[in-house]
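Inspection log for the structure reproduced underneath, given as structure tokens.
Side chains included, hydrogens not; waters and symmetry mates left out as well; all remaining heavy atoms used.
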Amino acid sequence: MVSVVNDSCVKCKSCADVCPVDAFHEGEKMLVVDPDTCIDCGVCISECPQEAITSDDDADEKWVKFNAEMAKEWPNANE
């Protein structure tokens with residue numbers, strides 16, 4: 001079970017700041033989680049003020065796929 005970002009994300013980056021493994025990648029308007037890097041610690045879920053992050057068990061499948069695909073294309077949010 002990994003974290004997934006949905007379209008409620010407004011790119012505030014508070015989640016990326018607390019991620020211990022730098023799993024967040026940054027697009028023009030939002031962030032996504034790299035499922036291959038995420039360690040499912042859950043810190044980002046409670047940190048998100050927009051409640052835009054959920055576990056993949058609770059997320060819509062389109063957002064699970066979107067996060068996985070965009071994480072391969074977008075740069076790391078902490079670089």
Side-chain angles (χ1 to χ4, degrees):
M1 184 166 70
V2 298
S3 296
V4 176
V5 180
N6 64 40
D7 61 344
S8 295
C9 177
V10 294
K11 199 175 161 182
C12 69
K13 294 179 75 169
S14 61
C15 55
D17 292 340
V18 298
C19 182
V21 294
D22 294 336
F24 285 87
H25 290 255
E26 185 172 12
E28 186 176 320
K29 297 183 180 182
M30 67 182 292
L31 302 178
V32 294
V33 174
D34 182 346
D36 295 329
T37 305
C38 180
I39 59 171
D40 188 32
C41 67
V43 175
C44 61
I45 294 172
S46 61
E47 188 66 26
C48 180
Q50 287 83 32
E51 299 180 356
I53 307 171
T54 60
S55 71
D56 61 354
D57 286 343
D58 297 329
D60 186 314
E61 184 61 31
K62 73 177 182 180
W63 291 112
V64 173
K65 290 178 72 174
F66 181 81
N67 277 245
E69 291 170 4
M70 294 301 100
K72 293 176 183 174
E73 295 183 25
W74 293 348
N76 190 284
N78 290 321
E79 291 180 354

- line: Across all chains, not counting sequence neighbours, the side-chain hydrogen bond (donor to acceptor under 3.5 Å, both in side chains) partners of D58 are S55
field: Members besides I39 in its Ile/Leu/Val/Met/Phe/Trp/Tyr cluster (side-chain heavy atoms under 4.5 Å)
entry: V21
- request: List, by chain and number, the other hydrophobic cluster members for L31, where Ile, Leu, Val, Met, Phe, Trp and Tyr join if side-chain heavy atoms come within less than 4.5 Å, directly or indirectly.
  value: V4, V5, F24, M30, V32, V33, I45, I53, W63, V64, F66, M70, W74
message: Measuring from atom CG of N67 to atom CG of D56, what distance do you get when rounded to the nearest 0.5 angstrom?
response: 9.5 Å
field: Contacts of type side-chain contact (heavy atoms from CB on, under 4.5 Å), residue P49, not counting sequence neighbours
entry: C12, S14
query: Which pairs pass salt bridge (Lys or Arg N to Asp or Glu O under 4.0 Å) with one or both residues in residues 29-53, sequence neighbours excluded?
result: none
task: Report the residues that fulfil salt bridge (Lys or Arg N to Asp or Glu O under 4.0 Å) with K65, sequence neighbours left out, ordered by chain and then residue number.
output: none
- prompt: How far does CG of N78 sit from SG of C19, to the nearest 0.5 angstrom?
  reply: 7.5 Å
message: Going by side-chain hydrogen bond (donor to acceptor under 3.5 Å, both in side chains), name the residues that satisfy it together with N6, two or more places apart in sequence or in a different chain.
response: S8
Sequence neighbours excluded, every pair satisfying salt bridge (Lys or Arg N to Asp or Glu O under 4.0 Å) that has a member inside residues 11-24: K11-E26, K13-E26
- prompt: How close do A16 and A77 get, heavy atom to heavy atom, and via which atoms?
  reply: CB-CB, 4.0 Å
